[in-house]
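One structure is given below, encoded as structure tokens.
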There are 2 protein chains.
Amino acid sequence: MAVSEVSLVERARATADGATMCPQRGALEHITSRWGTLVLIALLDRSYRFGELRREIGRVSEKMLTQTLQTLERDGIVHRDAKPVIPPHVDYSLTPLGREAAEQVRALATWTAERMTAIEKAREEYDAAKG
Amino acid sequence: MAVSEVSLVERARATADGATMCPQRGALEHITSRWGTLVLIALLDRSYRFGELRREIGRVSEKMLTQTLQTLERDGIVHRDAKPVIPPHVDYSLTPLGREAAEQVRALATWTAERMTAIEKAREEYDAAKG
DNA sequence: CTGCATCCGAAGTGATACTG
DNA sequence: CAGTATCACTTCGGATGCAG
């Protein structure tokens with residue numbers, strides 16, 4: 001097994017002793033966060049303006065979208081291109097790094113979509129047995 | 001583009017009109033949740049008992065681990081094998097479905113670990129520019 | 001050993017109003 | 001249009017105590 005394959009869990013424990021959480025966990029959580037996943041999948045298609053992205057995703061507050069985009073921009077996942085015009089025009093797109101991450105996320109989302117039938121069946125059985 | 005590649009965002013919007021969130025989003029969030037990812041990666045290696053898993057992951061309360069495991073069990077991702085002995089002995093392992101999911105998650109975690117240097121560099125540049 | 005119930009502070013979330 | 005600020009509200013998460 002490659003070193004990196006277990007490093008997540010190992011580092012999580014290693015840095016758990018009162019120290020700050022390992023930066024890896026942070027990055028992973030930004031990418032897999034509730035709105036992060038949707039943003040990445042949307043941007044995989046094309047670049048979006050702020051309001052456009054908000055409409056595309058739906059049911060996301062300005063605050064959360066702003067926060068998500070800033071976090072992902074800071075991690076070098078999303079590129080922010082603010083054109084100095086009135087009214088403001090800001091385009092968001094994926095960096096090369098971000099595109100790699102987004103493809104992984106999309107793979108996971110696609111998998112979930114494909115297996116949804118099995119998952120719902122499992123839920124029904126679980127609820128029937130315990131409920 | 002395959003249908004499933006955009007269905008996540010589309011469904012999120014489709015069900016956004018006061019209805020319950022689409023079940024896909026729920027499943028994806030269970031898998032990518034804070035403790036969900038760590039549980040899946042750990043179980044990819046071998047089966048674990050409750051306390052063992054708790055120690056392996058580190059810094060997770062009983063409550064959260066229980067909650068995470070129950071959610072994943074309900075989705076048919078994790079298998080729970082409770083042996084009727086005193087004291088109780090419960091083994092957790094991945095179902096075939098769960099193994100597929102876990103491999104996707106591990107791929108993402110591995111990617112994050114590999115790109116950590118680039119991500120940290122991006123963060124420093126961002127902070128230097130804005131602070 | 002496993003896991004449930006409860007409490008409570010911390011953090012996340014979102015509607016609204018406001019600025020550049 | 002793109003974001004910031006504030007505030008009320010909800011959920012998260014950990015500690016503790018208890019049961020099977």
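Note that the coordinates shown come from a computational prediction; the quantities given were computed from them, not determined experimentally. Naming convention: chains lettered A, B, ... in sequence-line order (proteins, then strands); numbering from 1 in each chain.
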Gln67(A) CD to dG14(C) P, in whole Å, measures 10 Å
Per atom distances to the Glu62(B) side chain, the nearest of dA2(D), dG17(D), dC1(C) is dG17(D)
Is the phosphate of dG14(C) approached by Trp35(A) (side-chain N or O, under 4.0 Å from OP1 or OP2)?
yes
Here the distance between atom C1' of dA19(D) and atom CD1 of Ile86(B), to the nearest Å, is 11 Å
Whole-Å distance, Tyr92(A) OH to dA2(D) P, equals 8 Å
Should Arg49(B) be listed as having a side-chain N or O under 4.0 Å from OP1 or OP2 of dC1(C)?
no
Please determine whether a side-chain nitrogen of the Lys or Arg among Asp127(B) and Arg74(A) lies less than 4.0 Å from a carboxylate oxygen of the Asp or Glu.
yes
When you check the gap from the basic side-chain N to the acidic O, do Glu29(A) and Arg34(A) get nearer than 4.0 Å? no
Considering only heavy side-chain atoms of Pro88(B), the closest of dA2(D), dG3(C), dG20(D) is dG20(D)
Scanning both residues in full, the closest heavy-atom pair of His30(B) with Asp75(B) reads ND1-OD2, 2.7 Å
Rounding to 0.5 Å, atoms CD1 (Ile41(B)) and CD (Glu56(B)) come to a distance of 11.0 Å
Rounded to whole Å, CD of Gln70(B) lies from C1' of dC4(C) at a distance of 9 Å
To the nearest angstrom, the CD-P distance between Glu73(A) and dA2(D) comes to 15 Å
Closest of dT6(D), dC1(C), dG13(D) to the Lys63(A) side chain is dT6(D)
Here the distance between atom P of dA2(D) and atom CD of Glu52(A), to the nearest Å, is 8 Å
**Prompt:** Taking the side chain from Glu73(B) and the backbone from Gln70(B), do they hold a donor-acceptor pair closer than 3.5 Å?
**Reply:** no
Among the nucleotides dG3(D), dT13(C), dC1(C), whichever has the atom closest to the side chain of Arg34(A) is dT13(C)
Nearest-nucleotide check on DNA chain D, Leu69(A) vs Ser61(B); residue mapping nearer the 5' end is Leu69(A)
Which of dA15(C), dG14(D), dT2(C) is nearest the side chain of Met64(B)? It is dG14(D)
Phe50(B) has its side chain closest, among dT13(C), dT2(C), dG14(D), to dT2(C)
note: Leu38(B), atom CG; dG13(D), atom P; distance rounded to Å ~ 12 Å
Rounded to whole Å, the CD1-P distance (Ile57(A) to dT13(C)) equals 14 Å
Sugar-phosphate, base or nothing in reach of Arg80(A), heavy atoms under 4.0 Å: sugar-phosphate
